[in-house]
Asks: 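Structure in structure tokens, see below.
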Amino acid sequence: MAQSTAKKVSVLFIANFINFLISFLIVPFLSRVCTYQEYGTYSQVLLFSAFFLVIFNFGISTISNVVLAEHEENESLVFNTATIILTLASVAGILLIVLAGNSWNFIFNNEVFYKNLVYFFPTLFFQSISSYFLNTLLFYNRVKAIAVIVVSTNVLKLGMMLYSLYVLHSLAAIFISISLFTVLQCVLLYYVLPEEVRKITFKYDGQIAKQLFTPALPIMFTGLLGSGILYANGLFISNMLSVKDYAIYRNGAIEFPLVSVITASILAVTMPAFAKFKVKGEIEPMLLMRKKANVVSAAMIFPICVFLFFFSKEFIVLYLSDKYIESSLLFSVFNLTLLLRFTNYQDLLVVYKKTNYIFIANVVSFLISLALNFFLIKNLGLMGAVIAYLFSVLSLAVLLTLITCKIAKIKLADFHDWRKLIIILVISFGTGLLCYAGYQYIGGMMALCLAACLYFAVIFISFLKFNLVDKIYLLQYATRVPGLTKILNYAKTKNLD
């Protein structure tokens, strides 16, 4: 059973990694071909779509499996009730958008925003329903079906977007392509649901709806605040500066895709174990496991963060061309948030069932984000937005850390293995500085490749040689991150451990 679960988790993460990669790969094509206005508009529409999904999904996709587990004898009724809610919510949301009409152009300071948003209506309508279908399929362990559908439709979508970009030369065609494949993905996910579940009866149960809404709404508000912290600066930049400025900011506020895979992989392993430790009252082993897991996460993420800090200009020019060289400094500072995001600050609060504190912390952090964005963007421009985001993430991390220490009755000194985290950071910065100095002295693409290889090789060997990482934990998590297992096995054969 454990092996089967691990296999399913691995399949999902590989699928997620491929999807991250697809999103990561489309950006340089769009950045090179589109004008600042076009790319800014594209990014604004995606920003709006993310907010729309959080609001009009109501958090139902997250909580639906819990309700489904409680009503397995009426699974079709649960499915129909949830689908009806999400369908009506999506319709209502789109109607509200239509009623506001060209007012959206004023909000986003973009005369063509609403016109392009209209092409995205099918995506807005189907994305929350598709998200619910996907979570329902996870409940029934249809992992391979999910992976095949999501990856294949996204690959085809990428091809259609490139055709729209290079052949049709149309931003509208890009939005229509995304919408078409969102609809296709939703339909395919529906047809691989178990027959007894997807039977459409149009029956609605008020009691089941209440069971969906009661726990889901706090999740929605928390998600909205979390998205607000991440996306509020986009709205401020669009309104206070220009669409071109937002395009430059958006290409500086890039998260390296592997980081999300790493954190999600570690969370998938640790959360079930934390829950079991808590039920048994074994708090010390739980905290020890958490500390070791955080060290592993830091050992994977800190070196990436530091490398991108030193080589931000080179990365942006290679990835997006010198057209977006202004984004490189923003990118360098933005990626410092990875030093804070190597762990999930909510995990123990979820285990202790104190999720109301997560909501409060997000509210405080969101308000800090709004205030900082308004004053810093006004005075510092785009860098002000990046600094505002950095401090809002820092405030959330500090608040959740202090709350967790109080709830779990642990000292701040015991929250992390601070000594190892500092050593990992020092080794990463020291090695990064030397490699960057060598690259600057030699120059050229070969020097950049050599610096990257040397940097990560030295980091990898140092961490293992000085026993900074628990190798058992590292191997366990690596099985869920594509490619790392082979690297670690190679290191083992070379006696690096």
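Not measured: the values here are computed from a predicted model. Just the heavy atoms: all of them, side chains too, but no hydrogens, waters or symmetry mates, feed the values below.
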Asks: If every non-hydrogen atom of Leu338 is compared with every non-hydrogen atom of Cys305, which pair is closest and at what distance?
Replies: CB-CB, 3.9 Å

Asks: Side chain to side chain contact (heavy atoms under 4.5 Å, CB included) with Ile129: which of Leu86, Val183, Thr182?
Replies: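 Going through Leu86, Val183, Thr182 one by one, the side chain to side chain contact (heavy atoms under 4.5 Å, CB included) with Ile129 is satisfied by Leu86 alone.
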
Asks: Are there over 12 heavy-atom neighbours, none belonging to Tyr319, within less than 6.0 Å of that residue's OH?
Replies: yes

Asks: For the CZ atom on Phe359, are there more than 12 heavy atoms of other groups (residues, nucleotides or ligands in this structure) within a distance under 6.0 Å?
Replies: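 More than 12 within 6.0 Å, yes.
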
Asks: Between Ala361 and Leu400, what is the shortest heavy-atom contact and its length?
Replies: CB-CD2, 3.6 Å

Asks: Using a 4.5 Å cut-off on heavy atoms from C-beta on, say whether the side chain of Leu241 contacts that of Asn109.
Replies: no

Asks: Quick one: sort the Tyr114 and Phe121 rings into parallel, tilted or perpendicular, breaks at 30° and 60°.
Replies: perpendicular

Asks: Please check: side-chain N/O of Tyr190 versus main-chain N/O of Arg198, any donor-acceptor pairing under 3.5 Å?
Replies: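 Here the side-chain-to-backbone pair exists.
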
Asks: Is any side-chain heavy atom of Val27 less than 4.5 Å from a side-chain heavy atom of Arg250?
Replies: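 No - every pair of side-chain heavy atoms lies 4.5 Å or more apart.
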
Asks: Compare all side-chain heavy atoms of Phe181 with those of Leu156 and state whether any distance is below 4.5 angstrom.
Replies: yes

Asks: Would Ser328 and Ser312 satisfy side-chain hydrogen bond (donor to acceptor under 3.5 Å, both in side chains), going step by step from the backbone distance to the final call?
Replies: CA-CA 5 Å; Ser328 60; Ser312 60; 5.1 Å; no

Asks: Regarding Asp245 and Ser242, do their side chains bring together a donor and an acceptor under 3.5 Å, going by distance alone?
Replies: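 The criterion, which ignores hydrogens and geometry beyond distance, is satisfied for Ser242 and Asp245.
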
Asks: Can you tell me how far apart CD1 (Ile176) and CG (Asn116) are? Round to the nearest 0.5 Å.
Replies: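 Those atoms lie 9.5 Å apart.
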
Asks: Fit a plane to each ring of Phe29 and Tyr166, take the angle between them on a 0 to 90° scale, and name the class: parallel (under 30°), tilted (30 to 60°) or perpendicular (over 60°).
Replies: perpendicular

Asks: Given 3.5 Å as the limit, does a donor-acceptor pair link the side chain of Ser130 with the main chain of Phe126, or not?
Replies: no

Asks: Locate the shortest heavy-atom distance separating Leu320 from Pro28; write the atom from each residue and the value.
Replies: CD2-CA, 3.9 Å

Asks: Indicate yes or no: at least one non-hydrogen side-chain atom of Val33 is less than 4.5 angstrom from one of Glu38.
Replies: no

Asks: May I ask you to check whether over 12 heavy atoms, not counting those of Glu196, lie within 6.0 Å of atom CD?
Replies: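 More than 12 heavy atoms, drawn from other residues, nucleotides or ligands, come within 6.0 Å of this atom.
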
Asks: Using modelled atom types and a 3.5 Å cut-off, is there a donor and acceptor pairing between side-chain atoms of Ser365 and backbone atoms of Ser392?
Replies: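 Yes, because the side chain of Ser365 sits within donor-acceptor range (under 3.5 Å) of the backbone of Ser392.
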
Asks: Are Ser164 and Ser177 close enough that a side-chain donor and a side-chain acceptor fall under 3.5 Å?
Replies: yes

Asks: Give me the atom names and distance for the closest heavy-atom approach of Leu318 to Arg32.
Replies: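 So the two residues come closest at O-NH2, 3.1 Å.
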
Asks: Does Leu171 reach the side chain of Thr41, with side-chain heavy atoms less than 4.5 Å apart?
Replies: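 Yes. Closest side-chain heavy atoms under 4.5 Å.
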
Asks: Provide the closest heavy-atom pair for Lys157 versus Ile178 in the form atom of the first, atom of the second, distance.
Replies: CD-CA, 3.9 Å

Asks: Cation over ring, Lys323 on Tyr36, under 6.0 Å and within 45°?
Replies: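 The answer is yes, since Lys323 meets both limits relative to Tyr36.
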
Asks: Is the shortest heavy-atom distance from the side chain of Thr87 to the side chain of Phe125 under 4.5 Å?
Replies: yes

Asks: Does the Gln127 side chain pair with the main chain of Cys186, one donor and one acceptor, at a distance under 3.5 Å?
Replies: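 Looks like no, no N/O pair under 3.5 Å.
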
Asks: Does the plane of the ring in Tyr42 sit parallel, tilted or perpendicular to the ring in Phe175? Use 30° and 60° as the thresholds.
Replies: parallel

Asks: Would you name the heavy atoms of Pro194 and Tyr140 that are closest together and state the gap between them?
Replies: CG-CG, 3.8 Å

Asks: Do Lys244 and Ile248 have side-chain heavy atoms sitting under 4.5 Å apart?
Replies: yes

Asks: Over 60° means perpendicular and under 30° means parallel, so classify the ring planes of Trp104 and Phe48, tilted if in between.
Replies: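 Because their plane-to-plane angle is over 60°, the rings of Phe48 and Trp104 count as perpendicular.
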
Asks: How about Tyr246 and Asn110: does a side-chain donor come under 3.5 Å of a side-chain acceptor?
Replies: no

Asks: Kindly check if the number of other-residue, nucleotide or ligand heavy atoms within 6.0 Å of CZ (Phe113) is above 12?
Replies: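 It does: Phe113 CZ has more than 12 such atoms within range.
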
Asks: Side-chain contact test, heavy atoms from C-beta onward, threshold under 4.5 Å: evaluate it for Val192 versus Ile149 and give yes or no.
Replies: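 Contact flag for Val192/Ile149 side chains = yes.
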
Asks: For the side chain of Asn239 and the backbone of Leu235, is there at least one donor-acceptor N/O pair under 3.5 Å apart?
Replies: no

